[in-house]
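Read through the structure below, which is laid out as structure tokens, and then see the notes.
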Amino acid sequence: MKVSAGPIQAVNDFVVKFANVNGSGSASANLLFAKAILRMGIPVAPRNIFPSNIQGLPTWFEVRVNAAGWRGRRGGVDLMVAMNPQTWDQDLKEIEPGGYLLYDSTKPLPESKFRDDISVIGVPLTEICNREYSDTRQRQLFKNIIYVGALSALLEIDPEEIAHLIGDQYKGKEALLKPNVHAMTIGRNYAINNLDCPLGIKVRRANAVGDRIFIEGNSAAALGAVYGGATVAAWYPITPSSSMAEAFARHCRKFRTEPASGRARYAIVQAEDELASIGIVIGAGWNGARAFTCTSGPGISLMQEFIGLAYFAEIPAVLFDVQRGSPSTGMPTRTQQADVLSCAYASHGDTKHVLLFPEDPKEAFEFAALSFDLADRLQTPIFVMLDLDVGMQDWLCEPLTWDDARTHDRGKVMSYEALEAGEEFGRYLDVDGDGIPYRTYPGTHPKRGSYFTRGTTKDRYARYTEDGATYVDNMERLLRKFETAKGLVPEPVRRDAAHATRFGVIYYGSTAPAIDEALAALAAQGIHLDALRVRAFPFQDSIADFIAAHEQVFVVEQNRDAQLKSLLVNELLVDPARLMPVLHYDGTPITARFISGEIAGKLAMFNVTPLRKVAP
Amino acid sequence: MTYLAKPKLHHPDLAKNKLGYTHRDYEGTVSTLCAGCGHDSISAAIIQAFFELDVAPHRVAKLSGIGCSSKTPTYFLGNSHGFNSVHGRMPSVLTGANLANRELIYLGVSGDGDSASIGLGQFAHSMRRGVNMVYIVENNGVYGLTKGQFSATADKGSKSKRGAINNDEPIDMVMMALQLGASFVARSFSGDKTQLTPLIKAAVQHQGAAFLDVISPCVAFNNHAGSTKSYDFVREHNESVNRLDFMPQHDEITADYAPGSLREVRQHDGSILRLRKLHEDYDPSDRITAMDFLQRRHADGEIVTGLLYVDPDAGDLHVALNTVETPLNRLGASELIPGAAALEKFNATLR
């Protein structure tokens with residue numbers, strides 16, 4: 001070991017990053033590492049940073065261990081587990097001074113390949129594997145488990161927890177269970193016998209997890225769709241949303257199989273493309289089933305024409321957009337929030353769409369379930385805007401809850417009885433001023449209530465017309481409906497600083513945990529900001545009020561063009577000079593360090609003197 | 001086209017079907033297509049077929065894309081819900097509608113521009129999936145609404161009204177439907193209502209993807225010498241392989257037929273397709289030989305019509321997905337929401 005700077009000392013507060021080759025089985029071993037720490041009652045925030053590739057390219061897995069429960073990416077690495085020679089130089093650079101490096105020391109490396117301000121820990125992983133296993137695939141897979149075993153000794157992770165997790169994973173598969181536990185033990189014993197254990201960074205059993213659960217956003221959203229009553233799903237494989245469709249199928253098999261017959265209370269179609277996916281959703285929505293598609297930016301681009309039809313013909317539809325790096329094919333496995341504008345105004349002509357911005361898997365579940373009520377109530381497409389960082393990462397979040405008294409709001413649907421009783425039916429007739437007309441399901445009544453759905457202009461009774469005044473009447477009603485939506489979508493979450501302040505910050509989606517941490521850090525420096533988390537579009541008046549109440553409002557986003565800011569300026573008619581963008585869009589999740597640095601730097605330009613008196 | 005609205009009054013002596021509906025109950029608004037358009041004859045055949053089948057009009061959902069053909073659903077079944085979707089995408093909208101409620105009858109109406117060009121992919125995949133529907137392509141070989149451009153079904157060498165020659169190979173949607181697994185495939189001619197109406201009836205009763213290619217001359221842009229989709233050309237080259245009599249149930253054979261000239265096919269719902277052979281060797285239950293026959297006749301410049309293929313025992317998309325009998329759009333919250341206790345159990349697996 002060569003150490004010049006003092007080694008980092010930290011308990012339950014550090015970042016471990018694994019550098020691997022993808023397709024080598026590393027992700028499951030790394031997740032095992034993260035879960036073992038979680039089982040010791042210490043919050044973790046893992047992030048799989050993977051390439052758009054199946055085998056052979058660099059992949060990383062970052063685990064932030066943090067007793068305080070900050071769930072955002074911190075930035076910086078305290079311990080690098082460097083298993084990929086391709087990225088060695090880059091990986092070494094990322095280690096904080098005084099940090100640690102774990103590497104496979106089977107083959108000697110020249111001194112020049114190391115740094116002298118970090119602690120270097122060599123484990124001859126390849127040598128151990130070659131000795132223990134003859135099968136090449138086993139050598140590869142167990143190498144990952146062996147380094148997890150070594151880390152358990154170096155970081156004082158309870159090996160029993162790892163063994164339990166392996167037991168859970170391979171329940172009933174003894175042939176796999178025992179060799180995995182054995183591999184873990186080999187690594188652990190090597191570390192105990194040959195290395196200085198523990199390191200300066202380590203874990204200590206805590207009670208900081210509580211009843212929180214560990215779940216991926218796509219799985220939570222898919223379960224929300226089950227609870228929300230979705231019965232038809234149509235999708236086309238695209239990263240990072242495919243796992244949502246797959247999770248929906250899994251949840252449906254479990255929760256939606258008719259007990260007596262074993263038959264499906266759902267229909268899932270893997271369509272030929274995104275156009276067919278949204279077409280199927282619109283057909284099902286038109287016919288009274290709750291339906292959704294899940295996709296990403298390129299899919300949204302392909303669906304544009306159909307989205308306009310659903311808007312104009314007023315057909316319920318739910319779209320989950322798991323946003324990835326863009327434009328074009330972009331960075332398919334990296335996170336962004338760059339589809340805000342393309343969804344808000346999707347399709348040609350004058351359109352506006354309802355967007356929901358969940359901050360984590362818990363809210364992804366809730367907003368998914370809510371989106372189907374909104375779609376039926378508003379008879380329009382609803383976009384649930386997940387960020388890849390929410391959709392494809394496991395998050396520690398509050399348990400999912402459901403109120404058994406809650407039922408589905410199917411919106412304004414005229415029944416057979418109402419039609420039979422002679423109630424007036426006009427498909428696009430606004431009977432009560434909220435801009436929402438009644439609809440009928442096909443097949444309801446033999447003589448009344450049928451209508452022709454079309455993308456062309458129509459009058460209040462769904463009859464084709466090219467009359468200008470009738471067209472305007474309809475377009476104005478659609479605006480009234482969008483006003484109604486303001487009262488139905490989730491309110492923004494406002495959190496005021498401990499001290500009165502002229503400054504505010506607006507943010508949304510997966511930026512939330514980094515903001516939480518950044519605001520705490522800024523407050524510790526005496527810089528106070530009121531915070532508003534936007535959860536939906538259309539924007540409520542309370543958002544305009546928040547902006548009006550602050551001299552300067554930072555709008556923190558994960559895209560280049562400050563898309564939410566543009567939407568705020570456009571829709572709330574606020575002075576653009578009041579809004580200052582803070583933008584992070586390199587595809588990695590935004591960090592608290594970045595946000596606090598940017599905001600502190602920008603405030604310095606305003607000559608803000610920090611309040612040194614820090615709130616307790 | 002006529003600008004006169006149809007009178008709403010019905011003649012008291014109009015014939016009624018078993019449900020008490022008259023022919024007029026199956027009509028729509030007055031057609032705005034050109035006088036003599038083949039599509040109007042197809043609409044008339046659709047009206048006739050549903051009237052004779054004793055189907056309540058509101059139990060039919062009619063869907064279309066964009067184009068002259070896709071306008072026609074307004075001209076029939078006025079008490080049915082209709083959906084004029086986007087260009088070439090009727091099949092996906094119909095698929096979704098069908099998934100939502102398996103109990104209705106789904107009638108998709110499209111044209112050669114809508115289905116053979118922009119919508120070729122959706123046409124193909126709806127056939128592959130075996131969506132339970134009647135898919136009618138009103139095939140005139142041109143884009144009528146945009147004034148006479150060739151469509152993808154126009155034959156190579158055929159001449160446009162302006163004199164241009166089509167250099168591209170035609171897409172034969174019947175061949176594609178056969179190849180892609182449609183379980184009921186027929187071709188007919190809008191000028192032959194006695195052939196077309198029973199084919200539509202049989203297609204409605206068929207479980208699975210039923211495809212009808214109906215050659216339907218465009219009087220405005222494709223009815224001239226040099227066109228292979230004109231009334232004259234189709235009449236001259238129409239080679240019908242069989243005549244179909246559709247029977248809801250098995251009626252006694254009363255007419256006299258030469259031995260071996262009659263073939264009966266019982267469909268899934270018990271209805272009988274009674275086929276009078278017009279061509280000695282044609283076997284509509286053999287997909288491979290049917291395709292071979294069609295290819296050879298096409299090479300000879302003939303237009304083969306009739307019931308070309310049927311698999312009476314075909315399944316459909318609902319069978320493949322093993323969905324419940326109850327239409328999905330009728331399932332209630334109690335059947336759809338797993339509840340709080342199930343969620344708590346689920347949470348427990350995530351700790």
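Sequence lines set the chain letters: A, B, ... in the order given, protein chains first and strands last, and positions in each chain run from 1. Values reported hereafter were calculated over all heavy atoms of this structure, with side chains retained and with hydrogens, waters and symmetry mates removed.
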List the atom of [X], the atom of [Y], and the distance in Å for their closest heavy-atom pair.
X: Arg129(B); Y: Glu272(A); result: NH2-OE1, 2.7 Å
X: Leu328(B); Y: Ala264(A); result: CD2-O, 4.4 Å
X: Gly82(B); Y: Trp286(A); result: O-CZ2, 3.6 Å
X: Gly78(B); Y: Ser450(A); result: O-OG, 3.3 Å

Considering only heavy atoms, which portion of [X] lies under 4.5 Å from any heavy atom of chain B: side chain, backbone, both, or neither?
X: Arg290(A); result: neither
X: Val209(A); result: neither
X: Ala267(A); result: both
X: Asp168(A); result: neither
X: Leu38(A); result: neither
X: Ile315(A); result: side chain
X: Ala230(A); result: neither

Say you draw a straight line from [atom1] of [X] to [atom2] of [Y]; how long is it, rounded to the nearest 0.5 Å?
X: Leu77(B); Y: Phe452(A); atom1: CG; atom2: CZ; value: 10.5 Å
X: Ile282(A); Y: Ser92(B); atom1: CD1; atom2: OG; value: 8.0 Å
X: Phe365(A); Y: Leu343(B); atom1: CZ; atom2: CG; value: 4.5 Å
X: Leu336(B); Y: Tyr266(A); atom1: CG; atom2: OH; value: 13.0 Å
X: Arg263(A); Y: Glu325(B); atom1: CZ; atom2: CD; value: 4.5 Å
X: Asn347(B); Y: Ile213(A); atom1: CG; atom2: CD1; value: 4.5 Å

| By a 4.5 Å heavy-atom criterion (distance strictly below it), what part of Pro91(B) contacts chain A: side chain, backbone, both, or neither? | neither

| So which part of Ile66(B) gets closer than 4.5 Å to some heavy atom of chain A, the side chain, the backbone, both or neither? | neither

For chain A, find which of [options] contributes the most heavy-atom pairs closer than 4.5 angstrom.
options: Gly121(B), Ala61(B), Ser80(B), Ala56(B); answer: Ser80(B)
options: Asn98(B), Val60(B), Thr349(B), Leu321(B); answer: Leu321(B)
options: Leu99(B), Thr95(B), Val86(B); answer: Val86(B)
options: Pro338(B), Ala100(B), Ala320(B); answer: Pro338(B)
options: Leu94(B), Thr74(B), Asn322(B); answer: Asn322(B)
options: Val324(B), Thr326(B), Asn329(B); answer: Val324(B)

Selection from [options] maximising heavy-atom pairs under 4.5 Å formed with chain B:
options: Thr407(A), Asp273(A), Leu223(A), Val281(A); answer: Leu223(A)
options: Ile268(A), Asn287(A), Val232(A); answer: Asn287(A)
options: Asp211(A), Thr440(A), Val269(A); answer: Asp211(A)

| Interface residues of residues 104-120 of chain B facing chain A - non-hydrogen atoms under 4.5 Å apart | Leu104(B), Tyr106(B)

| Partner residues of Glu366(A) under the side-chain contact (heavy atoms from CB on, under 4.5 Å) criterion, sequence neighbours left out | Lys362(A), Glu363(A), Thr401(A)

| task | List in chain and number order the residues that pass side-chain contact (heavy atoms from CB on, under 4.5 Å) with Glu335(B), two or more places apart in sequence or in another chain; answer none if no residue qualifies. | result | Arg265(A), Leu331(B)

| query | Are Thr323(B) and Thr231(A) close enough that some pair of their side-chain heavy atoms sits under 4.5 Å apart? | reply | no

| Do Pro442(A) and Phe83(B) have side-chain heavy atoms sitting under 4.5 Å apart? | no

| message | For Ala276(A), is there any backbone N or O sitting under 3.5 Å from a side-chain donor or acceptor partner on Arg89(B)? | response | no

| Tyr227(A) side chain vs Gly339(B) backbone, donor-acceptor pair below 3.5 Å | yes

| message | If we count only N and O atoms by modelled type, under 3.5 Å, do the side chains of Thr444(A) and His81(B) hold a donor and an acceptor together? | response | no

| request: Take Phe346(B) and Ile215(A) through the side chain to side chain contact (heavy atoms under 4.5 Å, CB included) test and state the conclusion after the steps. | output: CA-CA 11 Å; Phe346(B) 179 74; Ile215(A) 187 172; 3.9 Å; yes

Is it true that, when you exclude [X] itself, more than 12 heavy atoms of the residues, nucleotides or ligands shown sit nearer than 6.0 Å to its [atom1]?
X: Lys35(A); atom1: NZ; result: no
X: Asn207(A); atom1: CG; result: no
X: His408(A); atom1: NE2; result: yes

| message | Using the ring pair (Phe, Tyr, Trp, His ring centres under 6.0 Å) criterion, which residues pair with His445(A)? Sequence neighbours excluded. | response | Tyr416(A)

